[in-house]
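These notes are about the structure you will find just below.
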Amino acid sequence: MHNQSQSFRDSTISTARELEIELEELPDWYCCGAVYPLRSEDLISLLSPTRNLMGAKKEGKELVTLCSACYQVLKRTNYLILNDADKREKLNNYLEEKYDGSTKVLHFLEVIRKDVGWEELKSKVKTSLTGLKAAPYYGCLLLRPQKELVFDHPENPTIFENFLQSLGCDIVDFPYKTECCGAYLGITEEKVINSAVLKIIQGANKRGIEVLITSCPLCLYNLEAGQKELMKSGHISKPVPVLYFTQLLALALGLGVDVCHFEEHQINPLPVLERLK
Amino acid sequence: MEIVAFCCQWCSYAGADLAGTSRLKYPANIRIIKIPCSSRINPTFIMRALSKGVDGVMVAGCHPGDCHYSTGNYFTRRRLMVLKRLLEFSGINPERLQLYWISAAEGGKFAESVKDIISKLEKIQDKPFPKNPESSP
Amino acid sequence: MEISIEKINYELREAIEERSNQKIINCYQCGKCSAGCPSENLMDVPPHEIVRMLQLGLIDEALEVNSPWFCTSCFTCLSRCPRAIDIARIMEALRYYNLNDVFQPFDPNVLSDEVKTRLPQQALVSLWRKGT
Amino acid sequence: MRNIGVFVCWCGLNISRTVDIKRVVEETSSHPQVICSTDYKYLCSEPGQKLIKEIVKEKGLEGYVIAACSPGMHETTFRELASRCEINPYLCEMANIREQCSWVHEDREEATGKAIKLVNMAIEKVLHNEPLYPESFPLNKRAMVIGAGVAGMQAALDIADAGYEVLLVEKRPFIGGHMTQLSETFPTLDCAQCILTPKTAEVARHPRITLMPYSEVEEVKGYVGNFEAVIRRKATFVDWNKCTGCAICIEKCPKKIYPEFECGLKEGKSIDMAFPQAVPYKVFINKESCIFLNQGKCGVCAKLCPEEAIDFQQQDQLVKEKIGAIIVATGYDLIDKSELAEFGYGKYKDVIDGMQFERINSSSGPFSGVIRRPSDGKIPKEIVFIQCAGSRDREKGKPYCSKICCMYTAKQARLYKHKVPDGQVYVFYMDIRAGGKGYEEFIYRSVEESGMLYLRGQVSRVFEEDGKLIVWGMDTLSGKKIEINADMVVLASAIVPSNGVKELANILKITTDEHGFIQEAHPKLKPIECMTRGVYLAGCGHAPKDIAESVAQGSATASKVFSLFSRNSVLAEPTVSIVNKDECSGCLSCETVCPYQAIEKENYRGKVIAKVNSALCQGCGSCTVACRSGAIDLRGYTNQQIMAELEALLWK
Amino acid sequence: MKNQSYIELTAMLEQKINQLLSENKVDYLIVYGKGSFWFKTRPLLIRKQTEIEKVIWNRFCQFNLSTFLKPGSRKGEKIGIITKKCDIRSVVELIKNNQINKDNLYIIQVACDGIINWQKLENLLGATVSKVIEVEENALNFVIKMPETNIEVLKNDYLLDKCLICDYQQSFYADEFLITSEEKVEEIKNQFLPSLEILENMSYEERLEYWLKHFSRCMRCYACRNVCPVCYCPTCMFDSQEGLWISKESKTSENYVYHLTRAFHTATLCVECGECERVCPVNIPLMKLNNKLAKEVSEIFGYQAGLKVDEVSPFKTYCQEDSDEFK
């Protein structure tokens, strides 16, 4: 994140400060592995997320993630450790010390909902984003499988909508918000991305959506890269900028554009955002 | 080896019958006493049986929640939990008392349970209650 | 198609059930998974048919098709499946059995620098994870 | 001490193959109380029973043991035989040497040894048996039917026609149940109202049926033949003795609401009548929405009512009723909207369930019979029906088949085609289950004549785009993913038990299955009896079923009630607990363990002691263990008997 | 607690009783009276104020008087009873099990500092026990005054086991709690007698042998049953159906069934007052059975007998979520 998603990082850190949420980088964190291991015997891949969870436990803190993928991996790992005694046992054999699954895994959105609250957030907004036709793009990893993540309703999630509402945006009902972007296949199987992104962007255009909001670096990348491709091939004319929810939050809280690093984006959001100031 | 089985007539006794109609085989040293509900089993029956040198007592009832008398087996469960510990404290290997939940549809489970208790009893080293204790100590 | 006891590969089916921890025979072929699958259009065989193949023990056939490689593990199928079958896990298991023969590890150097700078590590890590 | 006879059955080869019958006979005849022991090929056969009868006469037996199959099989046979031999039936015991001996053991030696033990145990038990005589209780020849749907009404009518009083309790303010909401019915397509109204009218005017609409059962005490029910008659705020149904009040009522009857599709008033043919033909006030009841002003209806029937002071009333039998016909509801989110149900107006379609299609419905979509009233040109919406879905906790969806979907599709000939119908199905007279033919007539498209597969998602409903489905037969831009989507939603059934079940002490449907006493042989004697079961409260079946069940329960009422008293099983008054300490430990509240208090020699209500007692015997002094014992399974069996078993 | 305070308490007691009788609050009282021997006491039933001076209160008042409520409970007479804290729990059980009506009962709890186990004194002094003048005490020791010498013994060695684990100073459910000013309140100590562990650690065979040895000495005099305050059945099951459960002869196997059954029957009711063991002529360690069951019951169901009048005994109710150790 320090390298490629400064936008995500800085916007988060600054907004958190603004909202008086104490964030602290996990000392010597490990990469969670990005995908939750789906083979039942694959325990090794569970180790690094477990180490992170244990790290948080040592700190006696809740583990907050920004990225949907990390969220999915950490929360599911925790779920497994909590509910599968046998696997817990096996895992603990690999670990320096026992971990029991007691760490609470939260997404930054949940933290805002829990510690700030939508009403409170509204009151903190300096530049309301009224008139900005925004739609959330949840993607997959935040919502499914609901049984393990219990993040929001898998078919009709609302947490992003509530968030955007408090920022003053005009919410557009966007059925594609829960459709997949093609995930890591973006690298090897372009057509997966293109077909997925095409659906999503066309849907967005039809509804006059000006900006899509996400919390997943990969979603963001795919949506942007995909759009560029599709514009080349002329499948879409009107690109839709994609932003991290924290960037929009930063703007609303009046923290200025520099924390947002809009230059990172392949589809420049500024034209859309100009209006706001 | 001699084993007494108390079976409630609605679930486990019917289960035993099913084991029969499905011609499942199990050892012959089990004697079934039919009772209306496992909650009819007076702990003294079990003490009596064991003190007369029976090797094991098997109690079988409907699965918790499916009791024909709706709550009977919940009481059985509590009573036997305590009885098991009392027997153990009195010097009788608690394995000698086994309780199984067997529904009328579980002929297989009945046969298995009989084999189970027998294999457990075979493992037990210590002798059952002496036939004439007067001479023993 | 001729089915025979020799042809039906139960060992491998069980192995796959084991690895994926899914009861393949639970599927009653409603097709809900395929209907919602984002990459169905790119697969030679839609997800529910893969499961059907496995049910019939036609493992070799199942291993030949490209479908597993197009599964993005978005869990849409799982979250709507009336029988709670996690097809993503089944696909993962199939990928696993395929790796040995068809898989050639991905070389990041083929990517343009432009892509490399922008692409989140998450993408590469996932890809390698899935492909190894 | 008694003279016992032992009869050992060969059961052809079934027993004799593994058990040495001769030895069993010899060994047992050595028992001091056994004055004769004999065997026969088939004891249950005519000659077998004749043989027993003769020997009983000749030897003057006072009780006997039958060593044969399981008591579950033939106990009744041989106990009836006993009474024909002038022996108390409870002096006959069976030794189960087939199911629990010859069939499960191979070693002849062991099997024979066991058989002998089992017979000895039975002998000991008989020796300690007491002759038992079933107690009889008077019974109250009056039935209560809970639920005035088509099943309940049928039961009520049959019973009333047979000359018995019936109490018909219905929680909605009108009778007829869900059938009143339907437009036409499969497979004959005759109008639901047209075939139902004659029945509702008949129920209303029947001299022996007491109708209790807008009422709910609060409490039921007692036992078969002698139940006592407390029923809450909810306030309608209208004096129904005065109301003539002139409907002026409805016309003038300022408060608009969306009544449940029209499934939220058609506007109604706060004071209203559910539908034009409602029985009773009376208006009622919706407590939640009425302006006067909530804000204390308005009262237009009261001012205008020519009969001065409006009574805002009206209160719920609790009435006590004595009845002898109860029929539960509580019916069904449809699965909750939130469960079907992937179909956009509850989110998009034009995604409706089957019942809503019935209302739309009904001439008294929101569009007076013209098929329009709720959102904009347009006539849908492309319509998608989705079967198994929630049914057969383990994950939604409804693994069962709702049974009627295949049929009513075909019906609705067909009716749609009749009214919108140029419209296109798509039906997503998983299997077609049309097991009923003329059902299969009906389905195929629909498919062939009306040219609708049946797609084999489920729908994954429905969402709105450009004013259309995008349906993502699968046709597993072609292996193709199907995308349809539809104008309207109709879900054949899963059927669930109507709410409140669980509570009612507790009140009636009957059981419900894991889905909340009421449990029958035996899935095959007692499909309409409940676990509690005197309580019977009809209609969809038991499981999803169609109108014909519900009616059949209604009549079936009625016939059960006849056979109960045809006697002047009920016999109770004599195998019940009994208290030894002098030994009872009055600690009443037995009271709390009794599942049937059969233990009552009684004053005896200046102390309070326990008393068993033998009508309530079901003979589980839990009390006999709770009782430390052994003052309560269970007839037929007394401590003596069980100990005797135990002793016999320990003989070496 | 000095002898002085026992004398004070006795005075308070007499005064209270006097008041109760004079105001006809009770028809009679069950109290402690002087026994046949200097260290013995006996239960006493007094109806008249004139009998009051017979009332005593000292370190030898061992009986659990609630035993005498069993017969009294039937006739509607008003009864007053003197109890130690430990005994009240059995009164509570009798009330819980409808054996006596609280309205007809007046409970006087008297502060107690532990009861001296006189069997141990006898064992210590042998024949000279008759020479004892009195037993004084200081902080740690009992001082046994003899004509020639004084013998000092450690208190805790000569108190009843149950007293070692009892917070006897607290008032509990009594209508009247008599306590002198200078009392200190002790906190409750470990719940269960350590002596169980020895038995618990034996092998099954050793344990069986241990019990059979004891049971073989049982004469089935039924004293344990008759003295037990919670053995309130008008007819015990072993009497009612003679020879049904066990044969009349006192064979070890029969005794085994008798004692285990009794232990099971009193489980959830036994308040561990120790009367059964006290009265046993052949000193069978019956309390070990009772203590064990009390321990198990409280571990499984978190229940202790005789603590609350409105508490339901675990055998009279059930919970679907009970741990299911059976298959």
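Side chains included, hydrogens not; waters and symmetry mates left out as well; all remaining heavy atoms used. Residue numbers start from 1 in every chain, and the chains themselves are labelled A, B, ... in the order their sequence lines are given, proteins ahead of strands.
With a 4.5 Å cut-off on non-hydrogen atoms, C37(C) touches chain D through its backbone but not through its side chain. For chain D, no part of N41(C) is nearby; none of its heavy atoms comes within less than 4.5 Å. Q29(C) touches chain D through backbone and side chain together, each having a heavy atom under 4.5 Å away. Using a 4.5 Å cut-off between heavy atoms, C81(C) contacts chain D through its backbone alone, with no side-chain atom that close.
Closest approach of R392(D) and Y28(C) over heavy atoms only: O-OH, 2.5 Å.
At least one side-chain heavy atom of K32(C) sits less than 4.5 Å from a side-chain heavy atom of E342(D).
Separation of atoms CZ (R394(D)) and CD1 (I85(C)) is listed at 8.0 Å; rounding is to 0.5 Å. Taken from CH2 in W472(D) to CZ in R80(C), the straight-line distance is 8.0 Å, to the nearest 0.5 Å.
Other residues, nucleotides and ligands contribute more than 12 heavy atoms inside 6.0 Å of the CD1 atom of I3(C). No more than 12 heavy-atom neighbours from other residues, nucleotides or ligands sit within 6.0 angstrom of CD on E18(C). In the displayed structure, K396(D) atom NZ is contacted under 6.0 Å by more than 12 heavy atoms of other residues, nucleotides or ligands. Environment of NZ in K381(D): crowded, with over 12 heavy atoms of neighbouring residues, nucleotides or ligands closer than 6.0 Å.
Under the side chain to side chain contact (heavy atoms under 4.5 Å, CB included) test applied with Q458(D), the options C33(C), C30(C), S34(C) reduce to a single match, C30(C).
Of residues 475-489 of chain D, those residues lying under 4.5 Å from chain C by any heavy-atom pair are T476(D), G479(D), K481(D).
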